[in-house]
Amino acid sequence: VQLQASGGGSAQAGASLRLSCEASGRTFSRYVMAWFRQDTGNVRTVVAAVPPTSWNGASTYYADSVKDRFTVSRDNAKNTVFLQMNNLKPDDSAVYYCAASDAHFSDYWNEAMYIYWGQGTLVTVSS
């Protein structure tokens with residue numbers, strides 16, 4: 001599986017951006033898909049995650065810092081996962097990565113469980 005992320009850029013605080021991540025391959029729907037971000041301190045943290053289609057539990061996960069502002073979604077027909085980012089803040093500035101995992105969704109937080117990564121897309125938010 002190859003992941004191609006896009007949609008990053010510069011924005012003013014309060015604005016919106018939408019990230020996209022398109023996956024190759026025919027098994028996209030069975031993967032946990034997540035967005036991570038890496039700040040200038042090189043710390044990479046999970047921002048949002050969406051389970052595979054077969055999951056019957058909670059539908060999504062969000063980091064506390066982005067709840068009620070970011071929305072993660074997937075379109076299995078297009079092999080694409082999205083991250084809609086609203087009301088952006090300067091602290092949201094980071095390189096954003098999409099990632100895919102075939103582990104259990106309860107491990108969404110565990111970076112080591114993700115086996116495929118996109119190339120990263122830079123988001124810069126100015127005040």
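All values reported here derive from a predicted model rather than from experimental measurement. Scope of the values below: all heavy atoms of this structure, side chains included, with no hydrogens, waters or symmetry mates.
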Hits for ring-ring contact (aromatic ring centres under 6.0 Å, His included) against F36, two or more places apart or cross-chain, chain-then-number order -> Y114, W117
If every non-hydrogen atom of P52 is compared with every non-hydrogen atom of V32, which pair is closest and at what distance? CD-CG2, 3.6 Å
Are V50 and V66 connected into the same hydrophobic cluster when the rule is that any two of I, L, V, M, F, W, Y join if their side-chain heavy atoms are below 4.5 Å apart? yes
Keeping to residues at least two apart or across chains, list the side chain to side chain donor-acceptor pair (under 3.5 Å) pairs with something in residues 37-49. R37-S65, R37-D92, R37-Y96, Q38-N42, R44-E111
To the closest 0.5 Å, what do you measure between OG1 (T80) and CZ (R74)? 10.5 Å
Pairs involving residues 15-25, ordered by first then second residue, that meet side chain to side chain donor-acceptor pair (under 3.5 Å) (sequence neighbours left out): S16-N86
In chain order, what residues pass the ring-ring contact (aromatic ring centres under 6.0 Å, His included) check against Y61, with sequence neighbours excluded? Y108
State the CG-CD distance between L88 and Q12, to the nearest 0.5 angstrom. 11.0 Å
Here the pair of heavy atoms bringing A48 nearest to L83 is CB-CD1, 4.0 Å
Give a yes or no on this: more than 12 heavy atoms of other residues, nucleotides or ligands lie within 6.0 Å of atom CD of Q119. yes
Do V125 and K89 come close enough that some side-chain heavy atom pair is under 4.5 Å? no
Within the distance-only criterion (no hydrogens, no angle test), does the side chain of T121 pair as donor or acceptor with the backbone N or O of A5 below 3.5 angstrom? no
Should Y62 and L17 be regarded as members of a common hydrophobic cluster, given that ILVMFWY residues are connected when their side-chain heavy atoms come within less than 4.5 Å of each other, either directly or indirectly? yes
Salt bridge (Lys or Arg N to Asp or Glu O under 4.0 Å) contacts touching residues 56-68 (sequence neighbours left out): D64-K67
Quick one: are L3 and M33 in side-chain contact, heavy atoms under 4.5 Å? yes
Determine whether F70 and V81 fall in the same hydrophobic cluster, where Ile, Leu, Val, Met, Phe, Trp and Tyr are linked whenever their side-chain heavy atoms lie under 4.5 Å apart. yes
Rounded to the nearest 0.5 Å, the CE atom of M85 sits from the OG1 atom of T71 at a distance of 11.0 Å
What pairs meet the ring-ring contact (aromatic ring centres under 6.0 Å, His included) rule with one or both residues in residues 14-35, with sequence neighbours excluded? Y31-Y116
Provide the closest heavy-atom pair for P90 versus S126 in the form atom of the first, atom of the second, distance. CG-C, 4.4 Å
Distance check, rounded to the nearest 0.5 Å: S29 atom OG versus D75 atom CG? 11.5 Å
Close side-chain approach of L19 and V123, heavy atoms under 4.5 Å: yes
Between A13 and S127, which heavy-atom pair has the shortest distance, and what is it? CB-CA, 4.2 Å
